[in-house]
Amino acid sequence: MKYPFQEVESKWQKFWEGKKIYKTDLSKTDKKLYCLVMFIYPSAAKMHIGHWYNYGPTDSYARFKKLQGFNVFEPIGYDAFGLPAENYAIKTGVHPQDSTLKNIADIKEMVKRMGGMYDWDSELMTCTPDYYKWNQWLFLQLYKKGLAYRKNAPVNWCPSCQTVLAREQVLSDGGCERCNTTVEQKNLTQWFFKITDYADELLDGLNKIDWPEKTKLMQTNWIGKSIGTEVEFSVEGYDEKIRVFTTRPDTLFGVTYVVFAPEKEIVQKITKPEFKADVDKYIESIKSLTEIDRTSATKEKTGVSTGAYVINPINGERVPIWIADYVLATYGTGMVMAVPGHDERDFEFAKKFGLPIRKVILQPNTKVEDELKEAYTEIGTMINSGKYNGLRSDLGIEKISKDLEAEGVGRNTINYRLRDWLISRQRYWGTPIPIIHCQRCGEVPVPEDQLPVVLPYNVNFKPDGGSPLASNEEFVNVKCHMCGSEARRDADTMDTFVDSSWYYLRYLNPKFTDGMFDTNLANNWTPVDIYVGGAEHAVMHLLYARFIHKFLRDIGLVNSDEPFAKLVHQGTITSQGAKMSKSKGNVVDPNSFIESYGSDVFRMYLMFMGPYELGGDWSDKGIVGVDRFVQRTYALFNAHKNDAKENPSKEKYGLNDFNEVEKSVYRKVNQTLEKVRTEIEHFRFNTGVAALMELLNELKSLEECRKDLQTYALERFAVMISPLAPHLGEECWNLLGNEKSLFENPLCFDVDQNALSVDNVTIVVQINGKVRSRIDMQVNSSDVDVKRTVFADEKVKLYTDGKQLLKEIYVPNKIYNIVVK
RNA sequence: GCCGAAGUGGCGGAAUUGGUAGACGCGCUGGACUCAAAAUCCAGUCUGGCUUAAACCAGGUGCCGGUUCGAGUCCGGCCUUCGGUACCA
């Protein structure tokens with residue numbers, strides 16, 4: 001009889017739902033385990049393969065932990081605000097709220113069909129006022145502490161999405177993270193969250209969390225902490241002093257010019273009249289360049305002289321001021337000292353414009369008079385550096401830095417690459433920013449008791465350059481809370497990454513009305529024990545959430561430093577070598593597989609495909625293998641109906657109770673218990689499934705075993721397979737005659753360590769490193785016995801007779817290596 | 001350019017601290033069942049050599065070299081692919 005997956009799956013789904021087996025009692029914190037998967041972005045009505053790959057295995061992990069007796073909390077929800085819904089609305093006229101709610105309903109049905117053990121009482125969606133109210137409240141707390149502020153700055157503008165983007169949301173090729181359109185630079189007044197205040201802590205905290213090294217490294221690089229010195233130069237002919245940031249004060253004697261970012265205001269002031277025309281022309285010319293062109297490291301360097309000079313504080317030398325676009329206005333002071341001898345960029349620039357190159361660091365094993373063919377950027381001996389000559393340059397860094405500080409012309413400084421998080425968006429489908437702009441009072445926060453600022457349903461969300469909310473008079477026009485005069489609401493909405501920065505806290509009680517979330521529960525249940533999601537969030541969501549968590553801790557709402565104790569990235573499933581996308585037409589629809597094989601088979605196949613962290617290219621070639629495995633499993637249990645009732649097994653047996661076949665089965669069952677446990681524990685589902693397949697193969701000899709051992713084996717098999725194929729597992733368990741559901745009464749069998757021991761081992765005999773023979777010995781035979789047996793072996797004799805014995809290495813129970821000449 | 005990960009049969013992929021390379025599955029080949037097919041079951045399946053066959057021998061984990069009794073695993077130098085990053089001073 002074929003496994004009737006439709007019937008079985010819906011039966012157990014109804015059972016679980018009816019018994020509320022998914023429900024977690026959060027008041028019990030003993031053996032608590034918060035297993036979280038990144039919530040769903042409901043931009044389409046269907047769950048695609050990527051969702052299944054993310055949620056299925058994670059749910060299996062959660063179920064496995066539940067069977068082990070953990071009090072598992074596994075919630076799910078919807079990251080419901082965002083651009084795709086709004087773009088869809090622009091195209092079709094369907095309101096984002098309507099399409100989103102519809103999508104969520106469809107997705108929810110699919111998630112249930114998958115057999116996820118989600119706590120539906122904790123379900124949340126970010127687009128409801130009772131959720132986003134707390135985004136606004138969070139904003140106000142940040143605002144109070146000066147961590148939410150508005151400034152005019154050059155920002156990334158996506159002309160297609162018609163909104164600004166945070167820097168994290170611009171791809172490395174300059175494209176928009178959502179739509180790939182090349183972003184433009186614009187000077188706009190925008191809202192920022194001051195994540196940079198937490199830069200150091202975000203860096204240090206990485207040491208305390210169990211995350212993939214690669215992800216931590218990405219965050220480290222993104223934060224880009226750089227320790228250096230700010231050196232003050234005076235501008236010749238002006239009272240003005242300028243400061244440059246350098247990590248190499250040891251090369252200060254090698255400065256032959258300085259470079260300002262062209263957009264620095266001071267450029268206008270210090271440029272000599274006869275250079276003005278060229279300078280203006282240059283500034284104009286770079287305006288037409290895109291950010292990518294401008295910052296491309298492969299682009300040839302350009303720049304012009306201003307005709308002005310600064311004085312080098314270390315030696316009083318006069319060096320020219322140039323402007324060049326390779327100096328970024330937004331990093332450090334926007335001005336750098338140029339040391340062409342020891343900096344690649346400066347070298348290239350100096351070569352091109354004929355500026356002097358001075359060697360001040362001597363490369364070991366080279367001569368002072370050797371010409372520099374390229375910039376030497378490593379440590380060496382200081383030369384041409386006055387009283388510092390002969391000093392090792394890394395020591396020179398400290399020494400000069402100290403001396404500059406003593407002279408009052410320098411100080412130690414730390415710079416970060418990290419910028420503040422730009423959170424305002426000129427779009428409709430998001431959280432309104434709780435600020436009003438009063439003609440008299442200026443920026444006024446909406447009082448907390450007036451939250452939420454509700455997102456109006458009726459707006460013109462067509463993109464015409466401005467924020468859609470701005471055209472909704474009813475929304476925008478308000479009286480100032482301070483003075484009562486006419487005011488306008490801020491018409492921007494928040495980046496949806498604000499929503500996802502704290503949702504894991506809200507899950508604990510999404511109906512909580514006394515605050516953002518229940519602090520008691522949060523203190524007991526966070527940090528999240530295991531968090532699973534895509535690596536593409538490494539420097540976006542995963543950085544933002546850490547920042548917000550630390551802020552919430554600082555205002556006393558949580559007591560932990562980090563939101564996610566352990567992080568696992570699932571790999572990406574591609575299709576024909578490319579990311580699945582509608583535009584490429586390579587999207588694989590999981591539904592057809594669910595319909596022909598059922599969700600257990602599909603889930604298990606996704607796990608069996610390969611290492612979870614690796615993902616891979618989709619192919620359905622092997623799914624029949626998993627299906628066969630399921631069919632054989634079902635057939636086996638069907639042939640053993642009520643075995644557990646009729647022939648109950650003991651908890652444990654002695655190996656002496658068995659004949660050889662029984663011993664072998666008993667051992668294999670226990671080896672598999674051990675194997676499956678460690679594999680699932682480490683998210684190595686592929687080898688976990690393989691171990692169960694091996695066991696099933698071994699169980700071919702089950703009929704030759706005594707009846708109670710059959711029960712012993714089958715019960716354990718059912719329990720092991722149930723996290724991976726939950727419906728099948730329950731069904732098998734039930735077929736054996738067990739009355740209580742596995743997930744209703746979690747159960748986990750211990751490994752009989754005695755069964756893991758073996759009587760006999762095969763010892764491989766190598767001669768000069770080549771395998772020449774194998775001998776079977778009793779386990780832990782004495783070295784003498786092993787040696788005697790080895791040398792009695794015909795093949796060994798063949799290779800050793802008449803040869804000189806040089807060496808013997810015996811690795812007990814494994815290998816016997818003989819070296820002969 | 002820099003940083004990181006990975007290269008193993010026809011395919012997806014296994015291989016504790018260096019210790020029998022190719023688990024498990026797909027595919028393929030042969031057989032059983034069948035009037036026949038599908039499904040299922042059984043056997044075989046890294047490559048080459050020699051064999052009716054088995055046994056045996058040689059080679060083999062991207063390439064070149066090294067360490068070691070022994071290397072997919074460690075070290076040095078390359079090549080390729082995929083992620084991240086892009087003049088951050």
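Here is how names work: the chains are called A, B, and so on, in the same order as the sequence lines, proteins then strands, and each is numbered from 1. All values below were derived from every heavy atom in this structure, side-chain atoms included, with hydrogens, water molecules and symmetry-related copies excluded.
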**Report entry** Whichever of A:E694 and A:G769 has its nearest RNA chain B nucleotide further upstream toward 5'
**Finding:** A:E694

Requested in this report: Determine the Euclidean distance between corresponding C1' atoms of B:G72 and B:G18; express it in Å to zero decimal places.
Outcome: 10 Å

Report task. Check whether any side-chain heavy atom of A:I286 sits under 4.5 Å from a side-chain heavy atom of A:P262, and report yes or no. Result -> yes

Query raised in the report: Looking at A:K770, does any N or O in its side chain come under 4.0 Å of the phosphate oxygens OP1/OP2 on B:G59?
Result: yes

Query raised in the report: Is there a side-chain contact between A:D793 and A:I775, using heavy atoms and a 4.5 Å cut-off?
Result: yes

Query raised in the report: Do the side-chain N or O atoms of A:Y416 get closer than 4.0 angstrom to the phosphate oxygens (OP1, OP2) of B:C88?
Result: no

Query - Gap between atoms NZ and P, on A:K814 and B:G19 respectively (whole Å) - result: 7 Å

Query raised in the report: With a 4.5 Å limit on heavy-atom distance, are the side chains of A:N813 and A:Q778 in contact?
Result: no

Query raised in the report: Just to confirm, is there a sub-4.0 Å distance from OP1 or OP2 of B:G70 to any side-chain nitrogen or oxygen of A:N768?
Result: no

Requested in this report: Side chain of A:T246 only, please: which of B:A89, B:U85, B:U20 is the nearest?
Outcome: B:A89

Query raised in the report: Does A:R248 make a side-chain donor-acceptor contact with the base of B:A89, cut-off 3.5 Å?
Result: no

Query raised in the report: Any idea which of B:U20, B:G4, B:G12 is nearest the A:M609 side chain?
Result: B:G12

Report summary line: Among B:A21, B:A86, B:C3, the one nearest any side-chain atom of A:W222 is B:A86

Report summary line: Exactly one of A:E694, A:E674, A:E698 clears salt bridge (Lys or Arg N to Asp or Glu O under 4.0 Å) with A:K668, and that residue is A:E694

Report summary line: With B for base contact, S for sugar-phosphate-only contact and - for none (protein heavy atoms under 4.0 Å), nucleotides 37-47 of chain B reads ---SSS-----

**Report entry** A:S226 side chain near B:A89 phosphate (N/O to OP1/OP2, under 4.0 Å)
**Finding:** yes

Query raised in the report: Using 30° and 60° as the class limits, which term best fits the ring planes of A:H537 and A:F497: parallel, tilted or perpendicular?
Result: perpendicular

Requested in this report: Among the candidates B:C69, B:U20, B:G10, find the nucleotide nearest to the side-chain atoms of A:V764.
Outcome: B:U20

Query - Student check: side-chain heavy atoms of A:V532 and A:Y612 closer than 4.5 Å - result: yes

Report summary line: Out of B:A89, B:A15, B:C69, minimum distance to the side chain of A:T687 belongs to B:A15

Query - A:W421 and A:Y544 aromatic centres sub-6.0 Å - result: yes

Query - d(CD, A:E344; P, B:C88) in whole Å - result: 9 Å

Requested in this report: Would you name the heavy atoms of A:L203 and A:I223 that are closest together and state the gap between them?
Outcome: CD1-CD1, 3.8 Å

**Report entry** A:Y326 vs B:A86: side-chain N/O to OP1/OP2 distance below 4.0 Å
**Finding:** no

Report task. Quote, to the nearest angstrom, the C1' distance that separates B:A86 from B:A14. Result -> 38 Å

Requested in this report: For A:K301 and B:A89, give me the distance from atom NZ to atom P, rounded to whole Å.
Outcome: 15 Å

**Report entry** Nearest-angstrom distance from the residue atom CD1 of A:I767 to P of B:C57
**Finding:** 10 Å

Query raised in the report: Would one find a side-chain N or O of A:R684 under 4.0 angstrom from OP1 or OP2 of B:A15?
Result: no

Query raised in the report: Is the phosphate of B:U68, meaning OP1 or OP2, less than 4.0 Å from a side-chain N or O of A:N817?
Result: no

Query raised in the report: Under 6.0 Å between ring centres, would you say that holds for A:F349 and A:Y326?
Result: yes

Report task. Flag this pair as yes if the NZ/CZ of A:R417 is under 6.0 angstrom from the six-membered ring centre of A:W222 and inside a 45 degree cone about the axis; otherwise no. Result -> yes

Requested in this report: For this output row, return yes or no: ring centroids of A:F602 and A:F593 closer than 6.0 angstrom.
Outcome: yes

Query raised in the report: Can you tell which of B:U85, B:C88, B:G13 lies closest to the side chain of A:P611?
Result: B:G13

Query - Atom P, compared across B:A32 and B:A38: separation rounded to whole Å - result: 14 Å

Query raised in the report: Once you round it to whole Å, what is the distance between P of B:A23 and NZ of A:K668?
Result: 13 Å

Report summary line: Paired runs of 3 or more consecutive Watson-Crick or G-U pairs involving RNA chain B, with both pairing distances under 3.5 Å, are B:1-7 with B:79-85, B:10-12 with B:24-26, B:27-32 with B:40-45, B:46-49 with B:56-59, B:62-66 with B:74-78

Query raised in the report: So does A:K621 get a side-chain nitrogen or oxygen closer than 4.0 Å to the phosphate oxygens (OP1/OP2) of B:G12?
Result: no

Requested in this report: Check the distance between B:G13's C1' and A:Y605's OH and give it to me in whole angstrom.
Outcome: 11 Å

Report task. Count the heavy atoms belonging to other residues, nucleotides or ligands that lie under 6.0 Å from NZ of A:K579, then report whether that count exceeds 12. Result -> no

Query - Nearest to side-chain heavy atoms of A:F245, which nucleotide of B:U85, B:A14, B:A89 - result: B:A89

Query raised in the report: Taking only N and O in the side chain of A:R417, is any of them less than 4.0 Å away from OP1 or OP2 of B:A89?
Result: no

Query raised in the report: Counting side-chain heavy atoms from CB outward, which of B:A21, B:C88, B:A86 is closest to A:R345?
Result: B:C88

Requested in this report: Among B:C24, B:A89, B:G4, find the nucleotide with the atom closest to the side chain of A:L328.
Outcome: B:A89

Report task. Rounded to whole angstrom, note down the P distance from B:U73 over to B:G65. Result -> 15 Å

Requested in this report: For nucleotides B:G4 and B:C57, find the distance between their C1' atoms and express it as a whole number of Å.
Outcome: 43 Å

Query - Atom C1', compared across B:G7 and B:A21: separation rounded to whole Å - result: 16 Å

Query raised in the report: Nearest-Å distance, NE2 (A:H569) to P (B:G84)?
Result: 12 Å

